[in-house]
Amino acid sequence: ELLRKEFYLSGVCIKTLIDINHFQEKQKEKKLERKIKEIEADIQKVNIEMSSVYMKYKLNEINREGFLNLKAVKEAEKVNLIKELARQEAEKQRIRKETEEMSRFIYCLTNREERVKMDGQVTAFLMKRVTLYKNGHIEIIFNFRNEWINEGRKLLQPGDMGRGDVGYEK
């Protein structure tokens, strides 16, 4: 409850934080999508090279030993590319899940009916410092300032914030 009060008093708009969170997710996803397309193009290139090596073998331009060596090299290269593609896809899913969890957490900060559990990563994201005084008073210094929020608003395009009210089911 104390965290909710401090968050409310900080003057930060929850929707803006959620929008910034989603904007950052989109930026990370775009970067990953470019990387995924590059890997897919590299896989296609290796497939073409493997076909070319096979054609050279069939035309007797290279011997069987040379063909098998080149084939093994290209297959190993393709396996590594497929593994990297899987890692990039997994990273994309992780980013989506993390973004939704963070948005849900931010929303829960203002919803009195829901309990919030914070791990170290979330605490580090939201709070710069928490001070507990001997008299029981707690001071929370949030990690974001109005300048940060304003900078985030500048990054968001008008269409990015046009998702309407953000709500979550219990």
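Considering Lys74, Lys71, Lys78 in turn, Lys74 is the only one that fulfils the salt bridge (Lys or Arg N to Asp or Glu O under 4.0 Å) rule with Glu49. With respect to Arg94, the side chain to side chain contact (heavy atoms under 4.5 Å, CB included) criterion is satisfied by exactly one of Lys92, Glu91, Lys97: Glu91.
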Just distance, no hydrogens or angles: give the donor-acceptor pairs under 3.5 Å from side chains in residues 58-68, sequence neighbours left out.
| from | atom 1 | to | atom 2 | distance (Å) |
| --- | --- | --- | --- | --- |
| Asn63 | OD1 | Glu65 | N | 3.3 |
| Asn63 | OD1 | Gly66 | N | 2.6 |

Practice task
Could you go through the side-chain contact (heavy atoms from CB on, under 4.5 Å) check for Val79 and Lys83 one step at a time?
Solution key: CA-CA 6 Å; Val79 166; Lys83 286 179 182 177; 3.8 Å; yes
query: Which is it for Gln88 and Glu84 under the side chain to side chain donor-acceptor pair (under 3.5 Å) test, yes or no, and what are the steps along the way?
result: CA-CA 6 Å; Gln88 296 298 321; Glu84 180 61 23; 2.6 Å; yes
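Here Thr99 contributes atom OG1 and Lys28 contributes atom NZ; the two are 6.5 Å apart, rounded to the nearest 0.5 Å. Rounding to the nearest 0.5 Å gives a distance of 12.0 Å between CZ of Arg96 and NE2 of His22. Going from atom CD of Glu40 over to atom CD of Glu38 covers 11.0 Å, rounded to the nearest 0.5 Å. In this structure, CD in Gln24 is found 11.0 Å from CD1 in Ile95, a value given to the nearest 0.5 Å.
Under the 3.5 Å distance criterion, the side-chain polar atoms of Ser52 are left unmatched by any main-chain donor or acceptor of Ile48.
In terms of the side-chain contact (heavy atoms from CB on, under 4.5 Å) criterion, residue partners of Lys30 (sequence neighbours excluded) are, by chain and number, Gln27, Arg34.
Here Ile36 is tied into one hydrophobic group with Ile39, Ile43, Val46, Met50, Leu81, Ile82, Leu85, each link being a pair of ILVMFWY side chains closer than 4.5 Å.
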